[in-house]
Protein chains: 2
Amino acid sequence: MLRGNYPATVDDKGRVKIPADFLSELRRLGRKFYVTSVAGDHARIYPMKAWEEIERKLAKRSSYNPARQKFLARTNYYGQVVEMDGQGRILIPSILRESAEMKGDVDVQGNLTYLQVWNHARFLDQLNNNPVTAEDIQAFDELGA
Amino acid sequence: MLRGNYPATVDDKGRVKIPADFLSELRRLGRKFYVTSVAGDHARIYPMKAWEEIERKLAKRSSYNPARQKFLARTNYYGQVVEMDGQGRILIPSILRESAEMKGDVDVQGNLTYLQVWNHARFLDQLNNNPVTAEDIQAFDELGA
DNA sequence: ATGAAGTGGGCGGAAGTGGTCGACAATGTA
DNA sequence: TACATTGTCGACCACTTCCGCCCACTTCAT
């Protein structure tokens with residue numbers, strides 16, 4: 001399982017270093033990754049196996065299913081299969097880099113089965129614009145957290 | 001079970017000494033801990049087993065459940081898996097350290113299944129700004145306390 | 001006085017960063 | 001069509017920074 005936040009940087013070539021704590025787990029899952037996004041506001045890095053799992057589920061739906069069409073239209077647009085280099089870095093496709101404003105400071109976050117990469121400032125905005133409500137607190141409480 | 005309050009300090013490297021009274025119990029639960037926060041106002045140190053229990057509950061909810069999303073966005077952001085060093089100290093992730101103003105005097109508190117770490121002054125403010133209400137008293141009473 | 005608890009800090013190896021070089025594709029030119 | 005030119009990207013190399021690990025000292029309680 002992938003969890004936790006690690007500050008990182010996107011260099012001029014658009015590469016991000018995968019934090020060492022994720023490397024052993026990711027290397028275990030294979031060399032190839034699918035880097036994509038639905039909304040273009042942040043990048044998601046799926047180990048190929050995890051992405052294929054999603055594709056399997058998509059394939060079960062009719063090709064005229066609107067959700068399938070919208071999902072694929074977006075993930076195809078931003079998506080690209082990439083390999084990690086010898087230093088443990090992954091290249092973010094330039095379209096996605098522009099759209100998600102990823103240069104300089106970013107956050108790499110484990111999200112159980114995949115990684116998220118956010119422009120640091122943009123992620124903070126997200127947090128602030130989605131305040132925790134009283135109902136949320138109650139839901140958290142049910143988790144025992 | 002973890003209980004009681006212990007004054008401690010966060011050193012320049014961001015490490016907190018775990019009070020000796022907690023050590024035997026924590027060592028029994030494993031070497032790894034998940035250090036995180038929901039609101040960023042204080043740190044929580046979960047033994048990995050306890051955190052995985054929470055993740056199990058989260059996994060039962062839909063990934064589009066707002067509470068799940070908000071919870072994970074925050075705990076992923078502040079969170080990091082850390083190991084205790086040979087002297088019984090734990091490193092607080094720098095993002096969380098800044099956000100919760102943890103340098104110098106802090107309080108380490110047992111909270112049954114996890115530890116809380118508060119900036120000392122901030123914790124006192126919390127106490128003073130959240131007076132005990134009549135409803136609280138009633139809830140206390142139901143505990144038989 | 002002695003041992004346990006807590007604190008500070010040095011050091012080496014790992015992690016992270018920047019950049020060069022060469023292969024190859026894309027485009028332009030005779 | 002053959003060849004030159006340019007630009008991009010992957011692979012690799014070298015340097016710097018950081019932090020995990022360990023050692024040593026101080027403080028406190030009995």
Side-chain angles (χ1 to χ4, degrees), chain A residues 2 4-28 30-36 43 45 48 78-98 102-110 115 117-120, chain B residues 2 4-28 30-35 43 45 48 79-98 102-110 115 117-120:
Chain A
L2 305 161
N5 182 84
Y6 298 82
T9 57
V10 173
D11 66 20
D12 293 344
K13 288 176 151 193
R15 302 172 298 185
V16 229
K17 180 73 173 64
I18 303 300
D21 287 355
F22 293 143
L23 279 182
S24 56
E25 174 74 358
L26 290 183
R27 291 223 169 93
R28 209 175 53 74
R31 284 189 55 77
K32 300 204 174 202
F33 299 87
Y34 193 56
V35 181
T36 189
I45 302 176
M48 217 53 216
Y78 294 113
Q80 209 157 294
V81 176
V82 298
E83 292 195 20
M84 206 186 280
D85 72 11
Q87 274 75 252
R89 287 176 293 197
I90 276 181
L91 181 76
I92 312 282
S94 61
I95 297 178
L96 186 47
R97 231 154 59 218
E98 283 171 34
M102 295 198 297
K103 58 176 63 172
D105 291 341
V106 296
D107 291 301
V108 179
Q109 302 167 357
L115 300 182
V117 186
W118 280 91
N119 170 307
H120 179 67
Chain B
L2 305 161
N5 182 87
Y6 297 82
T9 57
V10 173
D11 66 21
D12 292 345
K13 288 177 158 188
R15 302 171 299 185
V16 228
K17 179 72 173 64
I18 303 301
D21 288 354
F22 293 142
L23 279 183
S24 57
E25 173 72 358
L26 290 183
R27 291 222 170 94
R28 208 176 54 74
R31 286 187 54 78
K32 301 203 174 201
F33 298 86
Y34 192 57
V35 182
I45 301 176
M48 216 55 217
Q80 211 156 295
V81 176
V82 299
E83 292 195 20
M84 206 186 281
D85 73 10
Q87 275 73 252
R89 288 175 293 196
I90 277 180
L91 181 76
I92 312 282
S94 62
I95 295 177
L96 186 46
R97 235 155 55 219
E98 283 171 34
M102 295 198 295
K103 56 176 64 172
D105 290 341
V106 295
D107 290 301
V108 179
Q109 302 166 353
L115 300 182
V117 185
W118 279 91
N119 170 307
H120 179 66

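Numbered from 1 within each chain, the chains take letters A, B, ... in sequence-line order.
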Check your understanding: Can you find a side chain N or O atom of A:T9 that sits less than 4.0 Å from OP1 or OP2 on C:dG16?
Key ->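 For A:T9, the contact criterion (side-chain N or O under 4.0 Å from OP1 or OP2 of C:dG16) is not met.
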Check your understanding: With distance as the sole criterion, do the side chain of A:K13 and the base of D:dG7 form a donor-acceptor contact below 3.5 Å?
Key ->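 Check fails, no donor-acceptor contact within cut-off.
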Review point. On a plain distance test, is the side chain of A:R15 in donor-acceptor contact with the base of C:dG16 below 3.5 Å?
Key: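 It does not, because no donor-acceptor pair links the side chain of A:R15 to the base of C:dG16 below 3.5 Å.
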Practice item. Give one of base, sugar-phosphate or nothing for B:Q87, where a contact means two heavy atoms less than 4.0 Å apart. Key: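 Base, at least one base heavy atom under 4.0 Å.
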Exercise for review: Using a 4.0 Å heavy-atom cut-off across all strands, classify A:L23 as base, sugar-phosphate, or nothing.
Suggested key: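 It contacts nothing in the nucleic acid.
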Please state how far atom [atom1] in [X] lies from atom [atom2] in [N], giving the value in whole angstrom units.
X      : N      : atom1 : atom2 : value
A:K17  : D:dC19 : NZ    : P     : 13 Å
B:L91  : D:dG20 : CG    : C1'   : 9 Å
B:D21  : C:dG6  : CG    : P     : 8 Å
A:D105 : C:dG16 : CG    : P     : 15 Å
B:F22  : C:dA4  : CZ    : P     : 21 Å
A:Q80  : D:dC9  : CD    : P     : 9 Å
A:D11  : C:dG16 : CG    : P     : 14 Å
A:Y6   : C:dG16 : OH    : C1'   : 15 Å

Could you check if a side-chain atom of [X] sits within less than 4.5 angstrom of a side-chain atom of [Y], using non-hydrogen atoms only?
X      : Y      : value
B:I92  : B:K103 : no
B:V117 : B:I90  : no
A:R97  : A:L91  : yes
B:V106 : B:H120 : no

**Study point:** Minimum-distance nucleotide (side-chain atoms of B:R89 versus C:dT7, C:dG18, C:dG16)
**Key:**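 Given the options C:dT7, C:dG18, C:dG16, the side chain of B:R89 is closest to C:dT7.
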Review point. Nearest nucleotide by nearest heavy atom, which residue falls closer to the 5' end of DNA chain D, A:D85 or A:S94?
Key: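 Of the two residues, A:S94 wins.
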Review point. Looking at A:L2, A:V108, A:V35, A:L26, which one forms a side chain to side chain contact (heavy atoms under 4.5 Å, CB included) with A:I45?
Key: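 The side chain to side chain contact (heavy atoms under 4.5 Å, CB included) with A:I45 is passed solely by A:V35 among A:L2, A:V108, A:V35, A:L26.
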